[in-house]
2 protein chains.
Amino acid sequence: MKNTRQKITDAAIEIFNEDLSAPLEAVAEKAEVTRRTLHRYFTDRQDLLLACQEAMQESCKKAIGDVYTSYSDPLERFENMLYAAIDCGVKFSFLHRMHNNDHHQHTTKNENCNNYDVTFNKFKSTVAELQRKELITKELSAEWIEMLCAGIVTAAINSEKSGNVAKINIKKFAWYSLSKGILV
Amino acid sequence: MKNTRQKITDAAIEIFNEDLSAPLEAVAEKAEVTRRTLHRYFTDRQDLLLACQEAMQESCKKAIGDVYTSYSDPLERFENMLYAAIDCGVKFSFLHRMHNNDHHQHTTKNENCNNYDVTFNKFKSTVAELQRKELITKELSAEWIEMLCAGIVTAAINSEKSGNVAKINIKKFAWYSLSKGILV
DNA sequence: TCTAAATGTCTCATTTTTGAGAAAAAAGTC
DNA sequence: GACTTTTTTCTCAAAAATGAGACATTTAGA
């Protein structure tokens, strides 16, 4: 059961992901509520946007965090982190984009940035571990691998949306491309 | 020497890529002209957006087309198409996104869609050729490979923007990941 | 240097978006 | 069924964005 507040933030994430300055009317429409209702939950655009950030953080933190603690084998862990990220869908890719675009200045002083770092450092440390154990190539920098992961997750999400790739294959393909693309 | 019209479309592509409904003031500012000047070249947002599409089409068509005719070896061609796409930068990724999002219904009846198809079919036919010759795996569908290419190009562009990956390495990394990720 | 074209400044009227009050309608709860 | 909570409808005023006219200023080229 999704409450109204969640319905609105979910809709907002979808809409803002495609068009950051879309009128709030569009968000309300997608959430199937009136603009008036939306404004009862969120005073303004900024407020809503912050709630979206929180929702995305929360989702990703939980999904990635669960996997992180469930697998001790780093390769298995890495694979399942990819799947978790794909399951987070737009929440993952939008969040990544928000913290890696021009205007955003990433700083440890910002609560949101810290939250982001907590989640994404789990990715990074796993990559680092794999590189240390020489399970993935050292020819690629860790930063590139991070970007690559985000790019592949985006590809997976777009594939699902477009409907041109069978849903059951998406994760398989994504892992195939990612693993071969970085393993030694 | 870039003329004003180009300066504005270039700025618009950058801005709209990040925020489709950004105020035209933001575009003017990026282009270092007044909003008044912008409006002398483009009657309204729609008009500007169409000009952006054309500019993106043109750029990609030329870049990809040149490579397509220059290399007879499909693998070499494919590699250089990737580099060309990366050089197109946002023009490539934004264009791809425009033709693969929810609202857009891709149809051969639309001039723009046709233009897009002309360019992207060169990608697709090369992939098909590589698969026929068993140079790339048949485990992955052509549609996935297309999405993957776009994802990797996006990763390359983001890497360049972030400055976290040395510029000289970006193309090397991208090709490393793409080739290993799909070759047999 | 003179002139035509391009751009900027200032201004204005419209339209769109935004945020919220008040009361009716609908949905839950006991 | 009576009561509470939530949502909608209708409304409005303020703010922001849009598109363009009139004229000053700058720029580029003969």
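What you see is a predicted model; the values in this text were computed from it and never measured. Here is how names work: the chains are called A, B, and so on, in the same order as the sequence lines, proteins then strands, and each is numbered from 1.
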Tell me which nucleotide among [options] gets nearest to the side chain of [X].
| X | options | answer |
| --- | --- | --- |
| B/T4 | C/dA6, C/dG19, C/dG21 | C/dA6 |
| B/L24 | D/dT7, D/dG19, C/dT7 | D/dG19 |
| A/D44 | C/dG19, D/dA22, D/dG19 | C/dG19 |

Take the protein atom [atom1] of [X] and the nucleotide atom [atom2] of [N], then report the distance between them rounded to whole Å.
| X | N | atom1 | atom2 | result |
| --- | --- | --- | --- | --- |
| B/L48 | D/dA20 | CG | P | 13 Å |
| B/H39 | D/dA17 | NE2 | P | 12 Å |
| B/R36 | C/dC12 | CZ | P | 15 Å |
| B/E25 | D/dG19 | CD | P | 13 Å |
| B/F42 | D/dA20 | CZ | C1' | 16 Å |
| A/D19 | D/dA17 | CG | P | 14 Å |
| B/R35 | C/dC12 | CZ | C1' | 12 Å |
| B/L38 | C/dT9 | CG | C1' | 16 Å |

Look at the side-chain N and O atoms of B/T37 and state whether any lies under 4.0 Å from the OP1 or OP2 oxygen of C/dT7. no
B/N100 and B/Y116: side-chain donor and acceptor closer than 3.5 Å? yes
Applying a 4.0 Å non-hydrogen cut-off, can you work out what A/Y41 is touching in the nucleic acid: base, sugar-phosphate, or nothing? sugar-phosphate
Do you know which two heavy atoms are closest between B/S177 and A/W144, and how far apart they sit? OG-NE1, 3.0 Å
Closest approach of B/T126 to B/P74 (non-hydrogen atoms, all atoms of both residues): CG2-O, 3.6 Å
Taking the side chain as every heavy atom from C-beta outward, state whether B/F94 and B/C52 have any atom pair closer than 4.5 Å. no
Are there over 12 heavy-atom neighbours, none belonging to A/K138, within less than 6.0 Å of that residue's NZ? yes
Side-chain donor or acceptor of B/R40 under 3.5 Å from a matching atom on the base of C/dG8? yes
